[in-house]
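This report refers to the structure that appears directly beneath it.
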Protein chains: 2
Amino acid sequence: MAKRHTHTCPIAGVLNIFGDNWTWLVIREAFYGATRFSEIQRNTGIAKNVLSDRLDVLVNEGILAREDVGENGTRYAYRLTAKGESLHPVLLALHQWGNEHVYGPGNEPVLLLERATGKPLQPLAPTSRNGRRLTRADILTRPGPGASKATVRRLAEADASLA
Amino acid sequence: MAKRHTHTCPIAGVLNIFGDNWTWLVIREAFYGATRFSEIQRNTGIAKNVLSDRLDVLVNEGILAREDVGENGTRYAYRLTAKGESLHPVLLALHQWGNEHVYGPGNEPVLLLERATGKPLQPLAPTSRNGRRLTRADILTRPGPGASKATVRRLAEADASLA
DNA sequence: TCATTTGGTTTTAATTTGCAACCAATATAT
DNA sequence: ATATATTGGTTGCAAATTAAAACCAAATGA
C-alpha cells in the first residue's frame with residue numbers, strides 16, 4: 001500500500017483500505033460467491049503475494065472473515081462479514097458508473113437487473129425522505145463530530161467557493 | 001498506476017482510472033470547488049509529480065477539463081465535466097461508508113445533510129421503480145452486450161454458487 | 001526590474017508490484 | 001502406508017511506482 005492518509009476524512013479512510021488496484025476486485029469476487037484463495041486469484045489475475053496481503057488487510061478490517069474449512073489446516077474460506085456486506089451500495093455505484101462511463105450504454109459487460117421485473121436497476125442516487133431525487137445543490141457537507149480543525153476549515157472554504 | 005486490468009468488467013474499468021491511493025481525493029477536491037494545481041496539492045498532500053500525472057489521466061478520461069485561466073500561459077483551472085459530475089453518487093457512497101464504518105456513528109468527520117431539512121442524507125441504496133429498498137437478493141447480475149466469454153462464464157459460476 | 005507564484009520536471013531513494021520458484025501442511029489417490 | 005496433488009502461502013529479485021527535494025521556465029505582481 002502507498003502512503004497512509006492521516007487526515008480525518010471519510011474518503012481518505014476508505015482509501016486506506018481500498019486505495020489500490022486490486023481490493024475492489026477482491027470484494028467483487030466475494031459478492032460473486034468466491035471464497036477460496038486460488039478462486040479469487042484466478043478470477044482477478046492478482047499476484048499471490050499481493051492477494052495474501054490484501055486478504056490480511058480485509059480480515060483485519062473485519063470486512064472478510066477467514067474460516068478454516070479443514071481442521072487445523074491450511075484451507076480457508078474468506079467470507080463477507082456484515083461490514084463487508086455493507087459495501088454493496090458502494091460496489092453497485094462503482095459498477096453502474098463503470099457500465100455507463102467506461103463502456104457506455106449498449107456495451108455494458110455486466111447488467112444489474114431487478115429480479116422481480118427483469119428490468120435494469122435504477123441508478124443509485126441520493127434521495128430525500130419523501131423519495132425525491134436530490135441534486136448536488138440539495139446536499140450540504142458539514143463538519144461532523146469527528147472533524148479536525150483542518151476539516152472544519154476546508155469545508156468552510158468549500159462552502160465559500162461553491163456559493 | 002499498477003498493472004492495467006484488461007478483462008471486461010465495470011469494476012475493473014473503474015480501477016483503471018481510480019485504482020490508486022490519490023485519485024478519489026483529487027475528485028473530492030474537485031467537488032469541494034478546488035480548481036488549481038497547488039490548491040489540490042495542498043489539500044490532499046499528494047506528491048507533485050503524482051498529482052501532475054493523475055490530473056493528466058483525469059483530463060484524458062474527460063472527467064476534468066483543463067482550462068487556461070491566463071492567456072497562453074501556465075495557469076490552469078481543472079474543473080469537473082458532466083462525466084466528472086456523474087461521479088457524485090459514487091463519491092457519496094464512498095463517503096457514507098467511510099463515515100459509518102471507518103469512523104463510526106457519532107465520530108463522522110464530514111456530515112452529508114439535506115439542504116432543505118438539515119437532516120442527514122439517507123444512505124444511498126438500490127431501489128425499485130416503485131421506491132422500495134432492494135436487498136442483494138433482489139438484484140441479478142447478468143452478462144450484458146459487452147460481456148466477454150470469460151465474463152459470461154464467471155457470472156454463470158456466480159449464479160450457481162449463490163443459488 | 002525584481003520577487004513571487006504557478007505548474008510542472010528531474011533525480012534519487014524508498015516502497016510496492018509482480019513473477020517464478022519454492023515450501024509446509026493437508027487432502028486425495030493408489 | 002506411500003506418493004501425488006492441492007492449498008495458501010513465502011521468498012528473492014527485477015521492474016515499476018511513489019514520494020521527496022531540488023530545480024526550472026513562464027507568468028504575474030510589487
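Just so it is clear: chains get the letters A, B, ... in the order the sequence lines come, proteins before strands, and each one is counted from 1. The structure displayed is predicted, hence computed values, not measured ones.
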- Message: Is the phosphate of D:dT18 approached by B:W22 (side-chain N or O, under 4.0 Å from OP1 or OP2)?
- Response: no
- Message: Measure CG/A:N21 against C1'/C:dT17 and give the value in whole Å, please.
- Response: 10 Å
- Euclidean distance, atom CG of residue B:D53 to atom C1' of C:dG8 [Å, nearest integer]: 12 Å
- Message: Contact between A:Y32 and A:V110 at the side-chain level, heavy atoms closer than 4.5 Å - yes or no?
- Response: yes
- Heavy-atom contacts under 4.0 Å between residues 28-46 of chain B and DNA chain C, which residues? B:R36, B:F37, B:S38
- Would you say the side chains of B:N49 and B:S52 form a donor-acceptor pair under 3.5 Å? no
- Item | salt bridge (charged side-chain N to carboxylate O under 4.0 Å, His left out) involving B:R115 - partner list, sequence neighbours excluded | none
- Task: State whether the side chain of A:K83 and the backbone N or O of A:E61 hold a donor-acceptor pair below 3.5 Å, judged by distance alone.
- Result: yes
- Query: For the pair made of CG in A:D68 and C1' in D:dT7, what is the distance, rounded to whole Å?
  - Reply: 12 Å
- Task: Provide, to the nearest angstrom, the distance between the CG atom belonging to B:D20 and the C1' atom belonging to C:dT15.
- Result: 15 Å
- Protein-nucleotide distance (B:Y76, atom OH; C:dG7, atom P), rounded to Å: 9 Å
- Note on the structure: Taken to the nearest whole Å, CG/A:L15 to C1'/D:dT18 is 15 Å
- Message: Closest-nucleotide mapping onto DNA chain D: is B:V50 or A:V69 further toward the 5' terminus? I mean the 5' end.
- Response: A:V69
- Query: Of the nucleotides C:dC19, C:dT17, C:dG8, which has the atom closest to the B:R66 side chain?
  - Reply: C:dG8
- Let me know the distance between CG of B:D56 and P of C:dG7, rounded to the nearest Å. 13 Å
- Could one point to a donor on the side chain of B:R75 or the base of D:dT28 with an acceptor on the other under 3.5 Å away? no
- Query: Is there a donor on the side chain of B:K48 or the base of C:dG8 sitting less than 3.5 Å from an acceptor on the other?
  - Reply: yes
- Rounded to the nearest 0.5 Å, what's the gap from CG on B:L111 to CD1 on A:I139? Could you check? 13.0 Å
- Expected output: side-chain B:E114 to main-chain A:D138 donor-acceptor under 3.5 Å: no
- Item | Side chain of B:A47 (C-beta onward), nearest among D:dA19, C:dT5, D:dG12 | D:dA19
- Between C:dC19 atom C1' and A:N49 atom CG, what is the distance in whole Å? 8 Å
- Message: With a cut-off of less than 4.0 Å, is there a side-chain N or O of A:Y78 near OP1 or OP2 of D:dT7?
- Response: no
- How long is the gap from CG on A:L64 to OH on A:Y76, to the nearest 0.5 Å? 15.0 Å
- Query: Are any of B:R54's side-chain N or O atoms less than 4.0 Å away from OP1 or OP2 of D:dT17?
  - Reply: no
- Looking only at side-chain N and O atoms, does B:K3 come under 4.0 Å of OP1 or OP2 in D:dA15? no
